Protein chains: 2
Amino acid sequence: MASLETISSIDTAPRHPIRLVANRTGLTVDLIRAWEKRYHVVDPARSDTKRRLYSDYDIERLRLIRIAKQNGRRLVDVAPLTLEALRDVVSEDSRYDQAQENQAEVYRPSWTSPLESTDTQDDIDAMLFAVQTMDQHRFDQLLQEGLVKQSLPAYLETVIGPLLREIGESTRLGKLRIAHEHMATAHLRTFIGALRFRETYTGSEPKIVITTPTGQLHELGALMVAALVSVDGWLPVYLGPNTPADEIVACALQSGARAVSLSLTYPADDPRIPTELTRLRSQLDGKIPVFVGGSAAAHHHELIDRLGIESPLTLDALRESLKAVRDGRYQGSIK
Amino acid sequence: MASLETISSIDTAPRHPIRLVANRTGLTVDLIRAWEKRYHVVDPARSDTKRRLYSDYDIERLRLIRIAKQNGRRLVDVAPLTLEALRDVVSEDSRYDQAQENQAEVYRPSWTSPLESTDTQDDIDAMLFAVQTMDQHRFDQLLQEGLVKQSLPAYLETVIGPLLREIGESTRLGKLRIAHEHMATAHLRTFIGALRFRETYTGSEPKIVITTPTGQLHELGALMVAALVSVDGWLPVYLGPNTPADEIVACALQSGARAVSLSLTYPADDPRIPTELTRLRSQLDGKIPVFVGGSAAAHHHELIDRLGIESPLTLDALRESLKAVRDGRYQGSIK
DNA sequence: TTTGTCTGGACAAAACTGGGACAACATTGC
DNA sequence: GCAATGTTGTCCCAGTTTTGTCCAGACAAA
């Protein structure tokens, strides 16, 4: 295996013991050995006392295979694939998977496991418990672990989003203290903020300005969008929350952005929103599309339609629209 | 005075008995000796009566090795590593999914002199320029590079702090737009927030609650403190900005924190500050010291003194006071 | 005196290895 | 539908390596 030509820059030097591989991939030690025994999923080098020694390349393979399985692939099918082929399979699944998420239960083949949904709910519950017990360290750990199991877009949609809603809800109902919510929010701000730096930038990516308009102080939704679009080859110009329309325009023009994305959450009926949106749309070159999302976007449905602003209903819909923009296929308000 | 920092600011003077080392690292005395016997993990100096005397350097090594083991490394593999190599291994392991693409080629223009003599003001100017040109990517790059040149505490004190002040000042004078400031602030929020995860935690660190009181919406100062104290072996419970006194108390008690730190910046004369501070001090067990810092702390000098709240003038003074608390040497308001 | 540290060695628990068994479940063929 | 077959995660075993703990007797510190 050491002679495998690797296009990617992943290190093939064998050095990691099996326990560490288990930690990183979320697989059990037994399972890693079983996979090797049955399908030669990996073929680790050995120490002088026959201990298995894995390379970074092996770990990445195992991680991807785990995600592929989570998406319903069979081990037999994915085991022989190269790393590149695995990447393709996984990224393809992540989108298809989410599209199905929004469809009727009936059509769902058995392999889009009940396991997955209960599994993620378990994860979220565990995170809520960590928040409730003020265990910031555990909270971070759970967030990191969850990310191993699926692709970034799927993770944002199925874990982070629901988690944010549940934290908000629990605080409103008094199940969590304000201090708990503060802690969780502050930590998520750091965590989500770091997500987009998992991607590598070449400098030639199209830019997108991401923020929230005046009066909207909650930035996590916008930050999620920034992480999300990074995956699809955008370079976010992230401005944080509460940016006046004029400033958004100035920023978009100066940076040469190809799109603008806003997040609306709370308060939903802020009277400044219509003013700001109108102002923004009118000052921007018509070629720069504006996207609006977040739970409060629905409250301004008519206005948004009238202004010719896009308002995708899911993160996945946003991704698709942005791909059209990026590839030059965007042509005004589609809807 | 030229800022010639030693590569690592860790003291190599041998002075700690084995018991203290065990307490600080969470290892048993027997184990420390066993590791030395079998793998020469450390090679402590000896007193004239053959007692082992460990340096801060040794302690750091042992701490890291313990964490490496928790991550699944084998003792045989990590024992021979240098402190720097250990740091790399550990931070790689605990943040395995954090893409480290910082290996980008460093083409250093001929006009920049060698690393040591580069003036920090030049760095800050370059950062300001990146902000002004909305070059977020470059801004991030400069931040990362600057961090390599010095220790984290020194970096916060000499680069990040001044940078924040200059950005604020420039915005007020109209040299920067609000959009620029937003971009910079949002990015720094992510960057500083991630800093404390350069450190690794064993779970046995004393905790410190860090936040800003009601009305204080700027969190970067508090976040800097969180990053800072992580270096000295504290586990920050970071609550973000704008936390009511009652919630701070609840959080401190629930998490079993050994200290509380607040940051005051703007507005300096908010009438809620005295109320909140008084409330906080009176509700907290007298054994939990409260520290207040930030540019607005001076405005409340008398009150702070009267309440017996600590108000160290520099980040360094804060570190020292916290060390006293951590090692049980704290005894009420010292001043 | 009492408590803590030292050395060297013994011992036991934990972890890893190859091999195999087995139950849960999915798929296929009828 | 139902039975046969295939897939896959988990567990058990016995032998080896690695690692944590304990002990005894000598000495040092408080």
Side-chain angles (χ1 to χ4, degrees), chain A residues 14-54 58 62-81 108-119 122 149, chain B residues 14-54 58-59 62-81 202:
Chain A
R15 51 211 175 84
H16 310 291
I18 194 169
R19 172 55 46 104
L20 179 121
V21 179
N23 280 348
R24 284 203 196 179
T25 58
L27 300 166
T28 66
V29 173
D30 268 331
L31 197 49
I32 296 172
R33 274 199 297 260
W35 286 3
E36 177 190 333
K37 180 162 57 177
R38 290 171 182 154
Y39 305 103
H40 301 284
V41 167
V42 285
D43 181 18
R46 298 301 182 113
S47 77
D48 41 5
T49 54
K50 303 217 286 182
R51 297 303 212 247
R52 289 174 173 80
L53 293 174
Y54 296 84
D58 294 330
L62 289 168
R63 205 180 67 83
L64 286 170
I65 288 180
R66 177 167 189 221
I67 294 172
K69 281 204 52 100
Q70 203 107 30
N71 288 338
R73 298 279 173 185
R74 300 187 329 155
L75 187 49
V76 243
D77 298 330
V78 290
L81 299 181
R108 173 169 306 184
S110 50
W111 52 259
T112 51
S113 47
L115 193 141
E116 169 162 340
S117 52
T118 64
D119 214 25
D122 284 352
K149 300 183 192 166
Chain B
R15 47 211 172 82
H16 308 294
I18 195 167
R19 168 69 49 188
L20 183 141
V21 179
N23 285 342
R24 286 232 186 137
T25 57
L27 301 166
T28 67
V29 173
D30 271 329
L31 197 49
I32 296 171
R33 276 198 294 259
W35 283 3
E36 179 189 334
K37 179 162 57 177
R38 289 172 180 151
Y39 302 103
H40 303 284
V41 167
V42 285
D43 183 18
R46 298 298 183 116
S47 74
D48 41 5
T49 56
K50 303 220 283 184
R51 297 293 158 105
R52 289 176 174 80
L53 292 175
Y54 296 85
D58 293 329
I59 293 178
L62 289 167
R63 237 190 85 229
L64 288 170
I65 288 182
R66 177 174 178 226
I67 295 165
K69 279 199 56 87
Q70 276 175 352
N71 287 336
R73 296 280 168 191
R74 300 188 319 158
L75 191 47
V76 227
D77 296 330
V78 290
L81 300 181
T202 63

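Letters go in sequence order (proteins before strands), and every chain restarts at 1. Predicted model only: the values in this text are computed from it and were never measured.
Using a 4.0 Å heavy-atom criterion, one finds that V76(A) contacts the sugar-phosphate atoms exclusively. Backbone-only engagement by R74(A) is indicated by non-hydrogen atom pairs under 4.0 Å involving sugar-phosphate atoms exclusively.
The separation between R66(A) atom CZ and dT8(D) atom C1' is 15 Å, rounded to whole Å. For the pair K37(B) NZ and dT5(C) P, the computed distance is 16 Å after rounding to whole Å. In this entry the distance linking CG of L20(A) with C1' of dA15(C) reads 15 Å, nearest Å. If you take CG of D48(A) and P of dT17(C), they are 13 Å apart, rounded to a whole angstrom. The CD atom of E36(B) sits 16 Å away from the C1' atom of dG20(D) (whole-angstrom rounding). Summarising the geometry, the separation between CG on L27(A) and P on dG9(D) is reported as 9 Å, rounded to the nearest angstrom. As rounded to whole Å, 12 Å separates atom C1' of dC23(D) from atom CZ of R33(B). In this structure, CD1 of I32(B) is placed 13 Å from C1' of dG20(D), rounded to the nearest angstrom.
Close to dT18(D), at under 4.0 Å from its OP1 or OP2, lies no side-chain N or O of Y39(B). Under 4.0 angstrom from either OP1 or OP2 of dC16(C) there lies at least one side-chain N or O belonging to R19(A). A close approach under 4.0 Å does not occur between any side-chain nitrogen or oxygen of R52(B) and OP1 or OP2 of dT5(C). Contact annotation: T49(A) side-chain N/O to dT18(D) OP1/OP2 distance is under 4.0 Å. Note on R51(B): every side-chain N or O is 4.0 Å or more away from OP1 and OP2 of dC6(C). Remark: R38(A) is not in phosphate contact with dG6(D), judged by side-chain N or O atoms under 4.0 Å from OP1 or OP2.
When each of K50(A) and L53(B) is assigned the nucleotide of DNA chain C bearing its nearest heavy atom, the one mapping closer to the 5' terminus is L53(B). Between L75(B) and D30(B), the residue anchored closer to the 5' end of DNA chain D is L75(B), taking for each the nucleotide with the nearest heavy atom.
Under the side chain to side chain contact (heavy atoms under 4.5 Å, CB included) test applied with V78(B), the options N71(B), I65(B), I67(B), L64(B) reduce to a single match, I65(B).
Interatomic distance, CG of D43(B) versus CD of E36(B), reported as 6.5 Å (0.5 Å rounding).
Scanning atom types as modelled, no donor and acceptor separated by under 3.5 angstrom connect the side chain of K69(B) and the base of dG20(D).
Judged purely by distance below 3.5 Å, without hydrogens or angles, the side chains of R73(B) and H16(A) pair a donor atom with an acceptor atom.
The main-chain N or O of V42(A) is never found under 3.5 Å from a side-chain atom of D58(A) such that the two would form a donor-acceptor pair. No donor-acceptor pair closer than 3.5 Å links the side chain of R46(A) to the backbone N or O of L53(A).
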